[in-house]
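Shown next, in C-alpha cells, is the structure this report addresses.
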Amino acid sequence: VNKQIFISLPLPMYIHVTSPGFKRSSKLDSHFLLFFQMVEVQSVKIACAVMSRFARTVMTSIALNKANSSQEVFFKVELPKTAFISNFSMEIEGQVYVGQVKGKEKAKQEYDKAVSSGKTAGLVKASGRKMESFSVSVNIAAKSTVTFVLTYEELLQRKLGKYEILTRVQPKSLVQDFQIVADIYEPQGISFVDATATFLSNDLLPLVKKTVSDKKAHISFSPTVEQQRNCSGCEATIIDGDFIINYDVRREAGLGEVQIVNGYFVHFFAPPDLHRVPKNVAFVIDRSGSMSGTKMKQTRDAMVAILKDLHEEDHFALILFDDNIKTWKNHLTKATKNNITEAIEYTQGIRDSGATDINRAVLKAVEMLKKERSQDKVPKRSTDMIVLLTDGMPNSGVSNLGKIQENVRSAVGGNMSLFCLGFGNNVDYSFLDVMSKQNKGLARRIYEASDATLQLQGFYEEVASPLLLDIDLRYPDNAVEFSTKNSFTHLFNGSEIVVAGRLHDNSVDNFLVEVSGEGVRRTNTSLGVRLEVSTDNISVFHDGKNVTLLWSDTELIKENSLNVTLRHFIKFVIVKHTKMWKRRHDQQDYLGFYTVDSHHVSKTVHGLLGQFYHEVKFEVEGLNPQEVQEKEDAFLHFKGQTIKVSRHIQKDFSKDVVNGEKVPCWFVDSSGSGLVDGQLSDYVLSGLFD
C-alpha cells in the first residue's frame with residue numbers, strides 16, 4: 001500500500017534533454033498539441049474481475065504513431081492506492097516486452113539508473129487522495145502501433161456497508177474502441193450493485209448496463225466515438241473521471257464466511273444486526289494560528305454535523321488547544337439533545353490563535369477519559385476514544401515527536417483508541433500515523449479543498465459506530481500453518497474483518513472458527529454455548545438447540561476423554577473414569593476434571609479449582625529427604641496456617657487417559673480445612689444430575 005513500484009523493460013528508450021533554465025512558451029505548447037495529435041489512441045479496454053472481494057483489473061491500450069517519423073508515446077494510468085501491480089507488458093511490431101516489477105526500497109534508485117542508461121522504465125507515485133500514478137514512455141517508429149497491458153490487483157475493503165471498485169479513466173482523446181467491463185462473483189450472494197461515473201451525462205447514463213443474478217453481476221459501459229464527444233462536432237472527450245461500482249454481499253447471523261481453496265483459507269467476518277457499543281469520545285481540536293480562515297470554518301461546520309450524529313448513550317468532551325488548553329466542560333457530557341445544542345453553540349465560537357501544543361492537549365483528553373472511567377460515570381461496556389484534529393507541527397511545550405508519541409502511548413496504556421486527522425499539506429502525517437497505530441487507532445489526511453467538511457464527516461462516520469471491541473479470531477492449531485493478523489481492537493458498523501492463512505492439509509473436513517469480542521448483549525438472544533457433562537452423556541446447548549453426545553460415540557469422544565477450549569487458550573480435559581469396588585463387586589463412573597495452560601485464566605476465577613490456578617506460596621516441613629515415600633506425614637504452611645498432610649500416590653489422567661501417570665500428591669484431612677477458602681460444603685451442589 002502506498003508503495004513505489006519500479007518496472008523495467010529490456011527496450012531502448014528515446015531520451016529528450018532540455019536545458020535546466022528552459023521555459024515553456026505558448027508557441028511550444030501549441031507545438032506539443034500538434035505533437036500529441038499525431039498519436040491516435042485506437043483502443044482502451046478495462047476489464048475487472050472480482051471473486052470473493054478480490055479484484056483483478058487489466059487495462060489494455062493501443063496507440064498508433066501517425067507521424068512519418070518515430071516519436072515518443074506515453075502511457076499513464078492512475079490506480080487505487082490499495083492496489084498492487086502484478087504485470088506490465090508492451091507489444092511493439094509483434095514483439096512482447098514483459099516488465100519486471102520491483103518493490104519500494106529499490107524502486108526510485110533503479111528507476112533513475114534505468115532511465116539514465118537508455119532503458120524504458122515506469123514508476124508508481126502518489127497521486128491525489130485515493131490514487132497512485134503509473135507512467136511510462138517508449139519511442140515508436142513511424143506508422144507503428146504499441147499495445148500497453150497493465151494488470152493490478154487489490155482486496156476490496158468494506159466501508160460504510162459497501163465495497164467500492166474505482167477505475168479512473170482519462171483517455172484525453174476520442175477512442176474508436178472504448179470499453180469498461182466488470183464481472184463480480186460472490187459465493188455468499190450479492191445484495192445490491194450500483195454503478196455510476198463522475199462524468200456521466202443524462203445521455204450517457206443509459207449506456208451503463210447492469211445484469212445481476214443471485215451470486216453474479218455484470219456491468220459494462222461502451223460509448224461510441226460520437227457519444228464520447230464533449231459537444232457536437234468537437235474533438236474533446238467527455239470521458240474524464242472516475243467510474244465507480246459499489247456493491248455488498250448477503251450476510252447471515254454467525255461467525256462469518258470461510259472459503260478454502262488450494263490449501264489456503266480466507267475468513268470474512270462482518271456479522272449483521274449487532275448493536276452498536278456506546279462510545280466516550282474526546283474531540284481534541286487545534287485552534288492555533290495556522291488554522292485560520294477556511295480551515296477553521298470547515299472544522300466548525302464538520303463538528304456541528306458530527307455532534308448531531310452522536311447517540312444519546314454516548315458521552316463526549318470538547319478540548320481546544322493552541323499553546324494553551326481550553327475545555328468546554330471539565331468532564332464528559334452525556335449526548336442529550338440539550339447538551340448537543342449547547343455544544344454546537346460553543347463550537348460556533350471557536351477562533352484561531354497561538355501556537356501548537358499537541359502533547360498537553362492529548363494528555364488532557366486521556367486524563368479526562370480515565371477519570372470518568374475510574375468514577376463509573378460512563379457505561380461499563382463502552383469504548384473510549386480520542387479524535388485529534390491538527391494542521392501543523394507541535395511548536396509549543398514538548399515538541400520532540402518521538403517524546404510526544406512515547407508520552408501518549410504511556411498515558412493511554414492500551415485502554416483507549418486515538419484517531420488522528422491531519423489537515424492540509426504542512427502537517428507531519430507520518431508522526432500522526434505512527435501515534436494512531438501505537439494506540440489502537442488510525443490516521444487520515446484531510447485535504448485542503450472545498451469538500452474538507454465532508455472529508456471530516458466521512459472519516460468520523462467510519463469510526464462512529466463500534467459494534468465489537470477486542471476481537472480475536474482463532475483457528476485450530478493442528479489445521480492452520482500460519483495466518484495474517486487475527487486480533488483487532490474494533491469492528492465498526494459497515495466494515496469487515498478479513499483473515500487469510502495457509503493450511504497444513506488441503507483436505508480439511510472440519511474447520512473450526514472461534515470468534516470472541518466485547519459487545520452489547522441483546523435481550524432474548526443466546527450469544528454463547530453451554531456445555532453440560534455427566535457420566536451418562538454430553539449435552540451442547542446453543543441458539544435454542546440441544547445436541548446430545550454419548551461417551552460411547554468413539555467417532556467424537558476418544559478414549560472417554562473430552563477436550564474443551566475457551567477463547568482458544570484456556571483448555572480443560574474431562575475424563576470419564578470407572579472405579580471398580582472389589583469388595584462390593586460393582587463399579588462406579590465418575591468424572592475427572594483437568595486443566596491445561598491454566599495460567600491464561602484470570603486471577604479473579606475462584607471455585608474449588610480456581611483458587612489454585614495461579615501460583616500460591618507454601619512450604620512443606622518434616623519430609624524424609626532421602627526418597628519419596630507413600631503415606632509419609634508432613635506439615636504444610638499455607639495462608640498463615642499449619643496444616644497436617646500425608647503423601648500418597650495418585651494417577652493423573654490428563655496425559656494418558658487410559659492408564660494414567662502416577663504422581664505423588666499431598667492429601668489434607670478434615671475435608672481440606674485450612675487449604676480451601678471456606679468449607680468444602682460451600683463447593684458441593686447436591687443433586688447435580690437429577
(request) Decide, yes or no, whether a salt bridge links Glu235 with Arg229 under the criterion of side-chain N to carboxylate O below 4.0 Å. (result) yes

(request) Write down the atom of Pro80, the atom of Leu166, and the distance for their closest heavy-atom approach. (result) CG-O, 3.7 Å

(request) Please work out whether the ring planes of Phe221 and Phe178 are parallel, tilted or perpendicular, with thresholds of 30° and 60°. (result) perpendicular

(message) Check this for me, if you would: do Asp248 and Arg158 make a salt bridge, where the nitrogen-to-carboxylate-oxygen distance has to be below 4.0 angstrom?
(response) yes

(request) Calculate, to the nearest 0.5 Å, the distance between atoms CZ and CD belonging to Phe54 and Glu154 respectively. (result) 8.5 Å

(message) Testing the basics here: between Gln259 and Pro187, what is the closest heavy-atom pair and its distance to 0.1 Å?
(response) NE2-CG, 3.5 Å

(message) Whether the side chain of Gln176 engages the backbone of Val225 through a donor-acceptor N/O pair (distance < 3.5 Å, no angle test) should be reported.
(response) no

(request) Compare every heavy atom of Asp177 with every heavy atom of Lys45, then report the nearest pair and how far apart it is. (result) CE-OD2, 2.9 Å

(request) Inspect the contact between Asp286 and Lys295 and indicate whether a charged nitrogen and a carboxylate oxygen are less than 4.0 angstrom apart. (result) no

(request) Identify the heavy atoms of Glu153 and Ser86 that sit nearest to each other, and give their distance. (result) OE2-OG, 2.8 Å

(request) Evaluate whether atom NZ of Lys143 has more than 12 neighbouring non-hydrogen atoms of other residues, nucleotides or ligands under 6.0 angstrom away. (result) yes

(message) Any side-chain to backbone donor/acceptor pair from Asp428 onto Leu432? Under 3.5 Å, distance only.
(response) no

(message) Please verify the inter-ring angle class for Phe148 with Phe75; under 30° counts as parallel, over 60° as perpendicular, anything in between as tilted.
(response) parallel

(request) Locate the shortest heavy-atom distance separating His218 from Val181; write the atom from each residue and the value. (result) CE1-CG1, 3.5 Å

(message) Any non-hydrogen side-chain atom of Ile46 less than 4.5 Å from a side-chain atom of Phe243?
(response) no

(request) Kindly give the heavy-atom pair with the smallest separation between Ser417 and Lys440, and that separation in Å. (result) OG-O, 3.2 Å

